[in-house]
Visitor: 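Below is the structure I would like to discuss, written out as structure tokens.
Position 1 is the first residue of the sequence, and the numbers go up from there.
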Amino acid sequence: ISNEKVHTETLKKVASREDVGAIDCWIWRGAERSDEERKILLSSGKVINYNIGDRFGEDICLPSSLNEADRIRAYDIMMREIEYGLSVNTKKIVFGSGPDMPQDHEGAKERFFELIMKVIKQLPKDVMLSLEPTDWDIDKHFLFGPMNEAVDFVKSIRKNGFENIGVMID
């Protein structure tokens with residue numbers, strides 16, 4: 001959705017449905033719009049699964065880039081989005097791994113690991129991070145496309161004492 005009013009109206013429609021028990025969503029940036037959307041979600045009585053990532057009008061998020069400034073920006077975006085999710089009492093935060101870096105795939109996985117370790121250390125233990133892989137044969141071409149790599153990545157985070165991370169298949 002690239003229109004803030006349409007986004008808010010969509011949240012209102014979904015939140016008002018009695019036959020919907022959970023909403024998989026994100027909050028539009030900007031104080032006035034985000035405040036309105038928070039009120040909609042908080043008053044809905046629904047389970048909120050929050051999706052984090054770059055948003056319409058932003059440059060693409062590059063969490064495993066060789067460029068440190070790109071990784072810092074990705075971290076800042078993730079923390080901003082996590083803050084939005086926590087503000088609507090989410091207990092599940094869904095995230096992608098950003099674009100694959102085929103010229104340095106293994107190095108990119110290491111850089112992404114460092115970023116997620118930094119993020120998960122700040123996350124409440126009762127909030128689950130869910131990595132959403134996307135197969136490389138569709139248009140997103142994320143770093144973690146194949147399921148097995150995503151599962152191995154999650155296992156590596158768990159080996160460091162963080163059980164509140166998993167893989168989500170959409």
Visitor: Taking Glu106 first and then Lys109, would you say they form a salt bridge - that is, a charged N and a carboxylate O separated by under 4.0 Å?
Guide: yes

Visitor: Got a second to check how far Ser16's OG is from Leu11's CG, nearest 0.5 Å?
Guide: 10.5 Å

Visitor: Can you see which heavy atom on Pro63 is nearest to which on Ala74, and at what distance?
Guide: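 Scanning both residues, the minimum pair turns out to be CA-CB, 3.5 Å.
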
Visitor: When you measure from the side chain of Thr90 to the backbone N and O of Ile48, does any donor-acceptor pair fall under 3.5 Å?
Guide: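 The answer is yes, because a donor-acceptor pair under 3.5 Å joins these two groups.
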
Visitor: Which distance, rounded to the nearest 0.5 Å, do you find between the CD1 of Ile165 and the CG of Leu131?
Guide: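 One finds 6.5 Å between CD1 of Ile165 and CG of Leu131.
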
Visitor: Show your working on side chain to side chain contact (heavy atoms under 4.5 Å, CB included) between Met117 and Lys121 and close with a plain yes or no.
Guide: CA-CA 6 Å; Met117 285 297 294; Lys121 287 175 182 176; 4.0 Å; yes

Visitor: Do Arg111 and Asp104 sit within salt-bridge range, that is, some charged N less than 4.0 Å from a carboxylate O?
Guide: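 Counted as a salt bridge, because a side-chain N and a carboxylate O are separated by less than 4.0 Å.
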
Visitor: Taking the side chain as C-beta and beyond, is there a heavy-atom pair between Lys46 and Val14 under 4.5 Å?
Guide: no

Visitor: Can you see which heavy atom on Met128 is nearest to which on Gly166, and at what distance?
Guide: CE-N, 3.5 Å

Visitor: Can you sort out the partners of Arg17 under side-chain hydrogen bond (donor to acceptor under 3.5 Å, both in side chains), two or more places apart, ordered by chain and number?
Guide: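 With sequence neighbours excluded, Arg17 shows a side-chain hydrogen bond (donor to acceptor under 3.5 Å, both in side chains) to Asp19, given in chain and number order.
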
Visitor: Calculate, to the nearest 0.5 Å, the distance between atoms CG and CD1 belonging to Asp152 and Ile157 respectively.
Guide: 12.0 Å

Visitor: If I take atom CZ from residue Arg29 and atom NE2 from residue His7, how far apart are they, to the nearest 0.5 angstrom?
Guide: 11.0 Å

Visitor: On a heavy-atom basis, which atom in Pro99 and which in Ser64 lie closest, and how many Å separate them?
Guide: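 Heavy atoms of Pro99 and Ser64 come nearest at O-OG, 3.9 Å.
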
Visitor: Any ring-ring contact (aromatic ring centres under 6.0 Å, His included) pairs touching residues 79-130, not counting sequence neighbours?
Guide: His105-Trp136, Phe112-Phe144, Phe112-Phe153

Visitor: Decide if atom CD of Gln103 counts as having more than 12 heavy atoms of other residues, nucleotides or ligands within a radius under 6.0 Å.
Guide: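 More than 12 heavy atoms, drawn from other residues, nucleotides or ligands, come within 6.0 Å of this atom.
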
Visitor: Would you mind reporting whether Val119 and Met79 have side-chain heavy atoms less than 4.5 Å apart?
Guide: yes

Visitor: Does Glu36 come within less than 4.0 Å of Lys39, counting only side-chain N to carboxylate O?
Guide: no

Visitor: Does anything in residues 75-92 pair up under salt bridge (charged side-chain N to carboxylate O under 4.0 Å, His left out), and if so which pairs, sequence neighbours excluded?
Guide: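 Listed once each, the pairs are Arg55-Glu81, Glu58-Arg80, Lys91-Asp126.
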
Visitor: Any side chain to side chain donor-acceptor pair (under 3.5 Å) pairs touching residues 153-166, not counting sequence neighbours?
Guide: none

Visitor: Which residues pass the side-chain hydrogen bond (donor to acceptor under 3.5 Å, both in side chains) test with Asp35, not counting sequence neighbours?
Guide: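 Counting only residues at least two positions away or on another chain, Asp35 forms a side-chain hydrogen bond (donor to acceptor under 3.5 Å, both in side chains) with Arg38.
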
Visitor: Can you tell me how far apart CD1 (Ile52) and CD (Glu132) are? Round to the nearest 0.5 Å.
Guide: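 If we round to the nearest 0.5 Å, Ile52:CD1 and Glu132:CD are 11.5 Å apart.
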
Visitor: In Å, rounded to the nearest 0.5 Å, how long is the span from OG1 of Thr8 to NZ of Lys13?
Guide: 12.0 Å

Visitor: Clusters formed by hydrophobic residues whose side-chain heavy atoms approach within less than 4.5 Å: which one holds Leu62, and what are its other members?
Guide: Ile60, Met101

